Amino acid sequence: MRGLFIVLEGIDGAGVSTQARIAAEWLERAGRVVVKTAEPTEGPIGSLIRQALRGEVKVGMRALALLFAADRVEHYYKLILPSLEAGRDVVCERYLLSSYAYQSLHVDINWIRAINSQVGRPDLTILLDIDPRIAIERKLRQQRGRLELFEKLDVLSQVRARYLELAREEGCIIVDSSPPIEAVSREIVKAIASIL
Ligand code: TYD
């Protein structure tokens, strides 16, 4: 039987990594085999993206959108699809909705959809929603004052609004990520359990 493809999304500092780890551990305890992964990936294209996010290489916004899409194609066909076909569940931090929400600030969303049309859709996307002010504070603490390309209050406020709009359009589950970690993960587990 094919595995489940679950994606966690949210603005920088929403707690996506923490909650993805907890969700994967919960699935494992439920007896499932889980592949935990993230975008940007650790592959060659993902590494280039991270350099651009840190401002170490200069890449224009259209090219960056293409890099995210290219990284995703590699990720999907080399890791995600084979894992699902082998019956493993895949828990992925960020996927299509990240490109729709972030890259559409600078680039036409129809083109973003077009360049991302070759990859499979998740079975479930969960959006962790949080006030960007809380998110920025978390990022400042975690990264000792260093912020990346999109980690600015005005940018994250716009990304949050787009995420909420997209999540409604695409039928994603929206979870309030401001309560303590355990309370948030209970909501996430409920959403996952409902599709198991
Ligand atoms: P992030 O999950 O914050 O990685 P890390 O925790 O290692 O810093 O992701 C990096 C950034 O990339 C984040 O600001 C969101 C952005 N991003 C996009 O703009 N488009 C995309 O398609 C993806 C996957 C990420």
Side-chain angles (χ1 to χ4, degrees), residues 5-24 36-76 78-80 90-122 125-130 132 134-164 166-167 170 172 177:
F5 181 16
I6 297 163
V7 172
L8 271 83
E9 291 275 1
I11 60 171
D12 302 69
V16 170
S17 302
T18 307
Q19 293 298 342
R21 181 179 46 75
I22 296 172
K36 177 97 153 55
T37 186
E39 292 186 2
T41 69
E42 284 173 3
I45 305 168
S47 306
L48 182 54
I49 291 172
R50 286 188 190 284
Q51 284 177 276
L53 292 173
R54 290 193 298 264
E56 292 162 9
V57 294
K58 281 253 172 287
V59 177
M61 288 299 177
R62 284 188 189 80
L64 189 58
L66 287 166
L67 287 178
F68 278 119
D71 188 40
R72 184 162 301 126
V73 164
E74 289 288 274
H75 194 200
Y76 183 74
K78 287 186 175 160
L79 179 74
I80 298 173
V90 174
V91 175
C92 185
E93 292 170 36
R94 300 191 175 281
Y95 193 63
L96 284 169
L97 222 64
S98 279
S99 280
Y100 300 163
Y102 285 79
Q103 273 60 66
S104 72
L105 293 183
H106 305 278
V107 183
D108 176 23
I109 185 136
N110 293 318
W111 183 67
I112 297 163
R113 288 187 191 274
I115 60 177
N116 280 284
S117 63
Q118 296 300 302
V119 295
R121 312 284 126 169
T125 299
I126 299 170
L127 171 63
L128 301 183
D129 180 53
I130 193 141
I134 304 174
I136 286 275
E137 273 168 33
R138 284 188 189 166
K139 276 282 157 186
L140 279 169
R141 247 181 289 125
Q142 284 166 7
Q143 295 167 192
R144 297 194 190 93
R146 272 177 289 117
L147 293 178
E148 290 184 345
L149 185 64
F150 299 120
E151 295 171 349
K152 298 184 189 92
L153 191 57
D154 58 330
V155 175
L156 291 188
S157 301
Q158 291 178 60
V159 175
R160 181 198 199 187
R162 270 161 207 249
Y163 257 140
L164 286 169
L166 286 158
E170 312 254 335
C172 309
S177 193

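Just so it is clear, the model here is predicted, and its values are computed rather than measured. Remember, it's 1-based here, ligands and their atoms both numbered in the order they're listed.
Here the OH atom belonging to Tyr100 is positioned 9.0 Å from the CD1 atom belonging to Ile112, to the nearest 0.5 angstrom.
Of the possible donor and acceptor atoms, one in the side chain of Arg50 sits under 3.5 Å from a partner among the backbone N and O of Pro40. Panel note: side chain Arg162, backbone Ser104; a donor-acceptor pair is recorded below 3.5 Å. Using a distance-only test at 3.5 Å, with no hydrogens or angles considered, a donor-acceptor pair links the side chain of Glu9 to the main chain of Ser98.
Taking a cut-off of under 4.0 Å to the non-hydrogen atoms of Glu148, the atoms of ligand 1 that pass are 8 (O). If you number the atoms of ligand 1 from 1 as listed, the ones under 4.0 Å from a heavy atom of Asp12 come out as 3 (O), 13 (C), 14 (O). Those atoms of ligand 1 that come under 4.0 Å of a heavy atom in Arg50, given as number and element, are 4 (O), 5 (P), 7 (O). Contact atoms of ligand 1 toward Glu39: 24 (C) (distance under 4.0 Å to a heavy atom of the residue).
Contact annotation: Lys139 has at least one heavy atom less than 4.0 Å from an atom of ligand 1. Residue contact annotation: Gln103 has a non-hydrogen atom under 4.0 Å from ligand 1.
Closest heavy-atom approach to atom 22 (O) of ligand 1 within the set Ala101, Ser99, Ala65: this belongs to Ser99.
Of the N or O atoms in Tyr95, none lie within a sub-3.5 Å distance of an N or O in ligand 1. Checked against a 3.5 angstrom limit, the closest N/O atoms of Arg94 and ligand 1 fall inside it.
With a 4.0 Å cut-off on non-hydrogen atoms, Gln142 does not touch ligand 1 at all. With a heavy-atom cut-off of 4.0 Å, Leu53 touches ligand 1 through its side chain alone.
Centroid-to-centroid, the aromatic rings of Phe68 and Tyr102 stay 6.0 Å apart or farther.
At the shortest separation from atom 18 (C) of ligand 1 among protein heavy atoms lies Phe68 CZ, 3.2 Å.
With a 4.5 Å cut-off on side-chain heavy atoms, Tyr95 and Asn116 do not count as touching.
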Walk me through it: do Gln19 and Ile22 pass the test side chain to side chain contact (heavy atoms under 4.5 Å, CB included)? CA-CA 5 Å; Gln19 293 298 342; Ile22 296 172; 4.1 Å; yes
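Screening Arg141, Arg146, Lys139 against Gln143 for a side-chain hydrogen bond (donor to acceptor under 3.5 Å, both in side chains) leaves a single residue, Lys139.
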